[in-house]
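First the structure, in the form of structure tokens, and then the observations on it.
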Protein chains: 2
Amino acid sequence: MGRREDVARLAGVSARTVSNVVSGTVNVAAGTRERVLAAIEELDYRPSEIGRMLRSGRTGVAGLVVPDLDNPYFAELARKLIEAARGHGYTLMIEQTDGVRDRERELLARADTKAIFDGLIVSPLGLTDDDLSRSARTQRPVVLLGEEPHPGFDHVHIDNFVAAREAVEHLLGAGRRHVVAVGAQRTVRSSSSLRLSGFEAAMEAAPDATAQVAYVDTFTRRGGYDATRALLHDGPLPDALFCFSDLLALGALRALHDAGIAVPEQVAVVGFDDIEDGRYGHPSLTTISPDKEAIAQAAMDALVRRIGGDESEAVRVLAPHRLVERESTG
Amino acid sequence: MGRREDVARLAGVSARTVSNVVSGTVNVAAGTRERVLAAIEELDYRPSEIGRMLRSGRTGVAGLVVPDLDNPYFAELARKLIEAARGHGYTLMIEQTDGVRDRERELLARADTKAIFDGLIVSPLGLTDDDLSRSARTQRPVVLLGEEPHPGFDHVHIDNFVAAREAVEHLLGAGRRHVVAVGAQRTVRSSSSLRLSGFEAAMEAAPDATAQVAYVDTFTRRGGYDATRALLHDGPLPDALFCFSDLLALGALRALHDAGIAVPEQVAVVGFDDIEDGRYGHPSLTTISPDKEAIAQAAMDALVRRIGGDESEAVRVLAPHRLVERESTG
DNA sequence: CGATCGGATTGCATCGTGGCAAGGCCGCGC
DNA sequence: GCGCGGCCTTGCCACGATGCAATCCGATCG
């Protein structure tokens with residue numbers, strides 16, 4: 001690949017003129033332009049993105065920090081985010097944290113130091129306000145996804161409380177009277193606390209119904225499987241499960257099937273996330289469907305706005321969700 | 001964030017000495033180092049990664065081009081690749097092509113021009129040798145994943161032919177006598193042709209068995225669902241399906257269930273990829289499990305070696321696979 | 001015919017690093 | 001007291017690009 005000097009020499013102009021042709025921001029005589037373009041073609045010259053980055057201070061790269069691409073919710077979200085980023089002329093660098101707080105902190109710190117992003121979209125699990133405000137010193141904007149807002153940061157989310165309540169109301173409305181919330185967590189701070197609150201709110205409005213909470217270790221199929229097994233072993237059979245994620249629900253479905261319990265006849269199941277797997281499984285999964293495209297779009301919009309220098313107060317964007325009824329609730 | 005000049009002034013040294021302290025490659029007197037480090041802390045100075053990139057010609061970024069992160073196989077592979085990249089001190093930028101040849105070509109071209117990667121890992125679907133060799137002019141190394149090798153490029157793969165043959169032999173060994181290969185494609189050039197060949201080889205070795213090929217439009221659950229529906233509608237019921245991917249298999253399972261056909265009693269099903277979904281579904285899916293970790297590791301190893309300047313002949317790395325027997329084949 | 005104007009082209013400076021080699025300083029040995 | 005060696009420190013430059021302002025040239029106008 002030729003360098004700009006070589007192109008200039010071949011075209012019989014100065015190096016600066018080559019730049020003018022390439023950037024197109026300055027008037028260049030038609031004849032000159034053609035000679036330069038020919039020389040560029042001839043020598044296979046391509047301007048260096050890194051030089052431009054250095055000069056302009058912009059990289060056109062945004063970081064995405066998610067717990068885990070294995071998780072279909074994040075994989076589907078990442079897909080939409082990559083598309084949204086492309087729409088803004090941005091490329092995404094993806095990092096995984098496995099929900100480990102130290103990894104999340106480390107990546108935030110790297111955003112200050114080694115990294116090259118213009119900004120960062122973070123889906124945190126274990127970060128505290130303190131972790132975040134410590135990193136707020138950075139010049140680089142951060143947009144948060146997920147349940148919890150943090151003061152001073154843009155935040156894109158769905159109304160988890162209302163969504164959870166609607167899911168449970170759907171179960172109650174179908175006549176279910178013993179509903180178990182699957183997905184509370186003892187270890188992790190308050191992830192999903194809004195979903196739990198929504199569950200509780202719906203249950204309190206139905207005094208004749210029994211509410212129960214099942215704890216899980218991880219938001220995985222195995223977590224849902226193990227929790228449901230324990231549930232079936234320990235006590236009376238409920239007639240509905242509200243799982244805090246589709247993965248949990250898929251694990252629960254499997255455990256119910258293994259125990260010979262019919263879904264939805266004996267137990268109805270609702271999930272949360274609307275991942276593709278839930279649509280083709282047997283039975284297909286009723287779930288809360290967050291508008292992932294809206295989330296991705298809003299997050300990139302906010303990030304690009306901040307990168308553009310917007311210093312206004314942090315915004316909270318509410319993306320739509322809807323309840324999708326499928327076979328698992330009849 | 002302070003600049004190097006400011007740090008130098010505060011520490012009472014030259015800007016160059018600040019660099020020397022930061023890089024650590026040159027001897028600096030202990031007292032000077034401490035003063036500089038204190039000034040760095042005080043002014044919150046952090047060296048610019050972009051400046052380093054420009055100076056060194058390395059970015060520490062690799063590109064990953066996959067069809068689609070929605071596809072759990074690629075999501076799981078991406079996860080492993082990100083981890084492998086981290087092990088080499090690299091970060092990944094992920095791009096999606098949706099298997100569209102023009103997008104793949106465009107991204108290869110961008111690797112030459114706008115992009116900042118040191119190298120690229122590509123999982124192509126529609127690229128021709130010509131497309132690739134056209135891009136081989138670039139200085140940036142490319143490592144290929146997937147079925148098809150291309151001359152002159154490092155290639156990491158599993159033995160698709162043998163894996164497919166083993167999958168079909170497993171079905172035949174269980175007494176199945178009418179096996180349908182689900183996943184041949186009319187439009188896309190030769191994707192999965194090795195899996196088809198493996199299928200044919202196994203079937204030819206069993207003269208008393210009936211082989212059949214079902215075509216799909218896309219390697220998705222819907223593709224598998226539609227193809228299986230058509231299959232059930234059109235002809236006699238086979239007693240085994242060999243699906244070229246787990247997604248196809250999951251769609252097929254759903255279609256079989258809708259038609260009231262028992263799996264594995266009436267029809268056995270084998271998939272390919274061993275994605276997480278297949279493990280918890282009902283029935284769980286027998287599948288060919290490629291060693292994704294080995295693939296990711298080998299791909300990053302090869303890429304980093306090339307980036308390091310290795311000009312030796314292109315290598316082909318064969319990663320292990322194994323047949324995982326689950327409920328869908330009894 | 002000279003002055004002015006405007007478009008095309010160019011040189012200079014800068015972004016932040018780090019390699020290179022020259023310069024500075026101290027201490028030791030003679 | 002002087003010279004020399006060795007360690008620190010520093011200035012200069014290039015990496016590649018572009019904003020800015022100066023320069024250059026042909027053309028038009030008075």
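Chain identifiers are assigned alphabetically (A, B, ...) following the order of the sequence lines, protein sequences preceding nucleic acid strands; residue numbering begins at 1 within each chain. Keep in mind that what you see is a predicted model, and the values were worked out from it rather than measured.
Computed from coordinates, the B:Met53 CE to C:dG16 C1' distance equals 13 Å when rounded to whole Å. Regarding B:Arg3, its CZ atom lies at a distance of 11 Å from the C1' atom of C:dT14, rounded to whole Å. Straight-line distance from the CZ atom of B:Arg58 to the P atom of D:dC15: 17 Å, rounded to whole Å. Between the CG atom of B:Leu43 and the P atom of C:dG16 there is a distance of 14 Å, rounded to whole Å. For A:Ile116 and C:dG16, the CD1 to P distance is 16 Å, given to the nearest whole Å. Nucleotide C:dG19 holds its C1' atom 14 Å from the CZ atom of B:Arg52, rounded to whole Å.
Taking NE2 from A:His155 and CD from A:Glu147, the interatomic distance works out to 8.5 Å, rounded to the nearest 0.5 Å. The structure places CD of B:Glu95 at 11.0 Å from CG of B:Leu108, a figure rounded to the nearest 0.5 Å. Between atom CE of residue A:Met93 and atom OG1 of residue A:Thr91 there is a gap of 10.5 Å, rounded to the nearest 0.5 Å.
Annotation: side chain of B:Pro72 is not in contact with side chain of A:Pro72 (no heavy-atom distance under 4.5 Å). Between A:His157 and A:Leu145, the closest side-chain pair of non-hydrogen atoms is not below 4.5 Å.
Scanning both residues, A:Ala78 and A:Leu69, for their nearest heavy atoms gives CB-CD2, 3.9 Å.
The phosphate of D:dA17 has neither OP1 nor OP2 within less than 4.0 Å of any side-chain N or O from A:Ser19. Distances shown here put every side-chain N or O of B:Arg55 at or beyond 4.0 Å from the OP1 or OP2 atom of C:dG19.
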Starting at the 5' end of nucleotides 6-11 of chain C, put B wherever the base has a protein heavy atom under 4.0 Å, S where only the sugar-phosphate does, and a dash everywhere else.
--SBBB
